[in-house]
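A short write-up of the structure that comes next.
Note that these values count all heavy atoms, side chains included, but never hydrogens, waters or copies made by symmetry.
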Amino acid sequence: MNFALLITVLLTAITLVVAAYIVAKLIGPRSYAKVKGEPYESGIPTRGSSWLPVSVGFYLFAILFLMFDVETLFLYPWAVVVKEFGAAALLSIGFFLVVLVLGLAYAWRKGDLEWK
């Protein structure tokens, strides 16, 4: 592997991120008003505490969504190169899908996909 290329790519990435951060700090709008630090929704001031308990079901549902979203990300590159790898690619993606379906079945059986 060409380490000079790797170092060049990393330094370029770091430079671009730092440059974007500096430009955003220099030309970005600033507001130091007291109201900016207050929590609100739709411009309506809150009544009571804004720190309300949130059901764990929301987090679990989000994690399941991300899991299947990542599955889609893996399926696209696989579909592009499946002809080159033949049966090995078919077996590997089959195993991948079986694991995902088992995870979905487990979550479904536990009742984690139902809004309670």
Quiz: residues 99-109 side-chain donor-acceptor pairs under 3.5 angstrom, not counting sequence neighbours:
none

Show me, pair by pair, the donor-acceptor contacts under 3.5 angstrom made by side chains of residues 7-19, not counting sequence neighbours?
unit_1	atom_1	unit_2	atom_2	d
Thr8	OG1	Ala4	O	2.7
Thr12	OG1	Thr8	O	2.7
Thr15	OG1	Leu11	O	2.6

I'd like a table of donor-acceptor pairs (distance under 3.5 Å, sequence neighbours excluded) in which one partner is a side-chain atom from residues 22-29, with atom names and distances.
none

Validation: residues 57-70 side-chain donor-acceptor distances under 3.5 Å, sequence neighbours left out:
none

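Pairs engaging residues 78-99 under the ring-ring contact (aromatic ring centres under 6.0 Å, His included) rule: Phe74-Phe96 [sequence neighbours left out].
Considering all non-hydrogen atoms of both residues, Ser92 and Ala89 come closest at OG-O, 2.9 Å.
Within the hydrophobic cluster formed by Ile, Leu, Val, Met, Phe, Trp and Tyr side chains joined at under 4.5 Å, directly or through other members, Tyr21 stands alone, with no partner residue.
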